[in-house]
Trainee: 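Okay, here's the structure, questions in a sec.
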Amino acid sequence: MRVIVTPDIRTLGESAARVLADVVAADNGAVIGLATGASATPVYEALAEWQVDFFNVTAFALDEYVGLPPGHPQSYSAVLRRSVMEPLGMQSSRLHVPNVHGANLHSEARNYEQRIAAVGGIDVQLLGIGANGHIGFNEPGSSLSGRTRLAALAESTRRANARFFQEPAEVPRWCMTQGVGTIREARSLLLVAFGSAKAAAVAQALEGPITALCPASAVQLHPDVTVVVDESAAANLRLRDHYRAQQIVGVDGRGADHG
Ligand code: GLP
């Protein structure tokens, strides 16, 4: 696991964006998993500033709310169009978001898995983390091998996401999310978090027991993970100094792999 601690949010965005830009530079038809939320925003802003060309990139959203009208500005489909597809010049046919408006949402969830498999899987999956340790919308108690499915949002997540809506009651109760098992199949994971509200979850995810109580702890099972956090989100990490030391070394200039 490679853990990069950055002094501020802008540097956090740039460090994570560098990982994605390198993947696209190596293969302009790369498949990227997209996260939504405040943590992902500085990453997309850096990519847009550098004018990284996503024309041939295929992207899969991690999750989508269930219960919002089609086109709702806070649907993740709309958010990703605004923050990724338009600024980075993606083709709309290559932006995949779970279809939450079909007649049978269970079969739509299976269909989403098939769409990911059909392009050969995800090269790099960007992840935020909830203060309760969720990834995607896999709330505590989710199977660490789960697949894309309908799931309920934790009340604490609904409260946290109320900032994006006019009324707290507007925040959906349901979602469709890639499962932790789906996420773990991406060839690499890139987790970003900033702010002290994330410090406990980040420490549990990276250094705590692997447990469904903290679905993000499943990243410990993945052989290729990069974590980018600011100082406040890193505050509870016991191995903080070790990660910092590893940022300084590294023949490729990107820091050594912690293994
Ligand atoms: C949201 C999303 C997640 C996101 C996480 C953190 O509810 N479903 O994919 O990574 O919670 O959000 P934020 O970055 O806004 O704190």
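Just follow the structure's listing: the first ligand is 1, and inside any ligand the first atom is 1. FYI, side chains are in, hydrogens and waters are out, and symmetry mates aren't considered; it's all heavy atoms of this structure.
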Trainee: Assess the side chains of R81 and S75: does a donor N or O sit below 3.5 Å from an acceptor N or O?
Mentor: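 Absent: no donor and acceptor within the cut-off.
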
Trainee: Tell me, please, which residues at least two apart from S232 pass side chain to side chain donor-acceptor pair (under 3.5 Å).
Mentor: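 Result, side chain to side chain donor-acceptor pair (under 3.5 Å) vs S232: D230.
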
Trainee: Can you confirm whether the side chains of T182 and E113 place a donor and an acceptor under 3.5 Å from each other?
Mentor: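 Yes, because at least one side-chain N or O of T182 sits under 3.5 Å from a partner of the opposite role on E113.
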
Trainee: For H96, what residues pass the side chain to side chain donor-acceptor pair (under 3.5 Å) criterion, not counting sequence neighbours?
Mentor: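 With sequence neighbours excluded, H96 shows a side chain to side chain donor-acceptor pair (under 3.5 Å) to R115, given in chain and number order.
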
Trainee: Among residues at least two apart in sequence or on other chains, which ones pass ring pair (Phe, Tyr, Trp, His ring centres under 6.0 Å) with Y65?
Mentor: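 For Y65 the ring pair (Phe, Tyr, Trp, His ring centres under 6.0 Å) partners, ignoring immediate neighbours, are Y76, F137, F165.
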
Trainee: Please step through salt bridge (charged side-chain N to carboxylate O under 4.0 Å, His left out) for the pair R240 and E231, ending with a clear verdict.
Mentor: CA-CA 10 Å; R240 209 165 57 241; E231 295 282 351; 5.2 Å; no

Trainee: Considering only N or O atoms, set out every pair between ligand 1 and the protein closer than 3.5 Å, with distances to one decimal place.
Mentor:
unit_1, atom_1, unit_2, atom_2, d
ligand 1, 7 (O), N161, ND2, 2.9
ligand 1, 8 (N), D63, OD2, 2.9
ligand 1, 8 (N), G136, O, 3.3
ligand 1, 9 (O), D63, OD2, 3.4
ligand 1, 10 (O), G128, N, 3.4
ligand 1, 11 (O), H134, NE2, 2.8
ligand 1, 14 (O), A38, N, 3.3
ligand 1, 14 (O), S39, N, 2.8
ligand 1, 14 (O), S39, OG, 2.3
ligand 1, 15 (O), A38, N, 2.8
ligand 1, 15 (O), R163, NH2, 2.8
ligand 1, 16 (O), K198, NZ, 2.6

